[in-house]
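Down below is the structure, laid out as structure tokens.
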Amino acid sequence: MSDGSVAMVHPQQKVHRMFELVEAIGTVTFSEVPNEAFLAVGMRNYWDGYFAGRAAPLGLASAEVVHAVFYNFADGEVARHIPWVWGKLTPAEAIAVRERGSADAVRQRIGDLAESPGLARIAELATRAAVSAPMEGRVLYAGLRALDIPEDPVAKVWHAATLLREHRGDGHNAILVAHGIGGTESHVLMALALGMEAEKFGRIHHLPKAQLAAVIDGLRDRGLVNAGGGFTDAGRELRERIETLTDEMAAPAYDVLTAAELDELIAGLDPIAAAIAAGDH
């Protein structure tokens, strides 16, 4: 702990706010600048770069392993890219392309904030949290923890955000498994939480209609989705319970920080995340 004694337990509201911030920063990896960097080294399309970069910390893992770790892709989707991508570049090369492209994307989005004298301090606080979380059962997070920490403050903030994001994601997947919610089902629930029809949600709208309909029917049979395709009360409660438990499992990453340090980290990441989000519009 920061004072060598008892772990700091932070309010769930602040833990969830950190999720929102690291999500905005970490997902810059999936934007145009990193995509172009992967295309430049021989990837055929966006998804080649996505799977090469995100799966690289797992080493030369098979499509089956990546499918299991990523959890929420439909059957066969991973295998269209892995192991093909490893015939074009090594995992170490993919990690380097991803880090460079992501840091460039962050730098472009945040402008003058990249030169802020306080950025190194924010990067240090974020990294301290990011490397202190428990690894047990968090496969993708463990792979990321084995990587070198960048020295450049912009890249360091992105790297820390990615660690914290994937740590939370590994925990989220464990909770989904415990509640019997499959990967495609989790996307349906997310779509409904966003007020969207599942059939129009970006991560699953491309699936065969019969396949998606069968998933929705299964959720309806469990009393989670109503006849109109929206949440039942039980479905909404389950979704909220999963999110609450996910925050609780993500919280230990921040135990190493004092309340004042966590507030400082949130305040420092806020304008960075806002600038990145503004670049999406």
Side-chain angles (χ1 to χ4, degrees), residues 1-29 31 33-34 53-54 56-57 95-96 98-135 138 140-171 247 249-277 279:
M1 304 313 105
S2 55
D3 62 356
S5 58
V6 180
M8 186 73 203
V9 178
H10 299 286
Q12 184 185 344
Q13 180 183 6
K14 291 184 179 180
V15 173
H16 191 76
R17 181 57 183 152
M18 279 300 303
F19 157 62
E20 294 172 338
L21 294 169
V22 301
E23 182 75 6
I25 297 166
T27 53
V28 78
T29 295
S31 64
V33 172
R54 192 167 176 232
I95 287 165
R98 186 188 198 215
E99 180 184 310
R100 184 172 62 250
S102 298
D104 286 348
V106 172
R107 195 171 280 107
Q108 288 181 23
R109 298 278 188 96
I110 69 175
D112 292 344
L113 288 172
E115 308 304 325
S116 166
L119 186 61
R121 167 66 174 170
I122 297 306
E124 186 273 327
L125 287 174
T127 300
R128 200 176 347 141
V131 300
S132 71
M135 283 193 288
R138 274 111 165 163
L140 189 50
Y141 171 72
L144 286 163
R145 275 278 296 274
L147 304 182
D148 292 335
I149 297 169
E151 294 184 6
D152 169 64
V154 172
K156 193 172 183 178
V157 165
W158 165 79
H159 182 72
T162 298
L163 277 162
L164 291 166
R165 178 178 184 269
E166 297 292 16
H167 176 265
R168 186 183 193 276
D170 283 343
D247 281 341
M249 287 188 67
Y254 306 104
D255 289 351
V256 73
L257 302 178
T258 66
E261 286 172 334
L262 182 57
D263 287 344
E264 182 183 358
L265 178 56
I266 290 171
L269 292 179
D270 205 337
I272 295 171
I276 290 173

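One is the number of the first residue; the rest follow in order along the sequence. Note that the coordinates shown come from a computational prediction; the quantities given were computed from them, not determined experimentally.
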Item to complete: Could I get the full list of salt bridge (charged side-chain N to carboxylate O under 4.0 Å, His left out) partners for R121, not counting sequence neighbours?
Response: E124, E264
Pair up each side-chain donor or acceptor in residues 144-156 with any protein partner under 3.5 Å, not counting sequence neighbours, and list the distances.
{"unit_1": "R145", "atom_1": "NH1", "unit_2": "V131", "atom_2": "O", "d": "3.2"}
{"unit_1": "R145", "atom_1": "NH1", "unit_2": "A133", "atom_2": "O", "d": "3.1"}
{"unit_1": "R145", "atom_1": "NH1", "unit_2": "Y141", "atom_2": "OH", "d": "2.8"}
{"unit_1": "R145", "atom_1": "NH2", "unit_2": "V131", "atom_2": "O", "d": "3.2"}
{"unit_1": "D152", "atom_1": "OD1", "unit_2": "R107", "atom_2": "NH2", "d": "3.3"}
{"unit_1": "D152", "atom_1": "OD2", "unit_2": "R107", "atom_2": "NH2", "d": "2.7"}
{"unit_1": "D152", "atom_1": "OD2", "unit_2": "V154", "atom_2": "N", "d": "3.3"}
{"unit_1": "D152", "atom_1": "OD2", "unit_2": "A155", "atom_2": "N", "d": "2.9"}

Are the side chains of [X] and [Y] in touch, meaning some heavy atoms are under 4.5 Å apart?
X    : Y    : answer
K14  : D263 : yes
E166 : P57  : no
R128 : E261 : yes
L125 : L262 : no
M18  : R165 : no

Taking the side chain from [X] and the backbone from [Y], do they hold a donor-acceptor pair closer than 3.5 Å?
X    : Y    : result
S132 : V256 : no
H167 : A253 : no
E23  : E20  : no
S102 : E99  : no
D170 : L140 : yes

To check you understand the geometry: which heavy-atom pair defines the closest contact between [X] and [Y], and what is its length?
X    : Y    : value
I122 : G268 : CD1-CA, 3.6 Å
R138 : M249 : NH2-O, 2.9 Å
I95  : A56  : CG1-CB, 3.5 Å
A105 : V33  : CB-CB, 3.9 Å
V28  : S31  : O-OG, 2.5 Å
L119 : A114 : CD2-O, 3.6 Å

Nearest 0.5 Å please: distance from the [atom1] atom of [X] over to the [atom2] atom of [Y].
X    : Y    : atom1 : atom2 : result
R168 : D247 : CZ    : CG    : 4.5 Å
I266 : Y254 : CD1   : OH    : 8.5 Å
Q12  : F19  : CD    : CZ    : 12.0 Å

Discussion item. Are there over 12 heavy-atom neighbours, none belonging to E115, within less than 6.0 Å of that residue's CD?
Written reply: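 No, not enclosed.
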Practice prompt. Go through the steps to decide whether L164 and L21 satisfy the test side-chain contact (heavy atoms from CB on, under 4.5 Å), and finish with yes or no.
Written response: CA-CA 10 Å; L164 291 166; L21 294 169; over 6 Å; no
Discussion item. Using side-chain contact (heavy atoms from CB on, under 4.5 Å), reason through V106 and I276 one step at a time and then give a plain yes or no.
Written reply: CA-CA 7 Å; V106 172; I276 290 173; 4.3 Å; yes
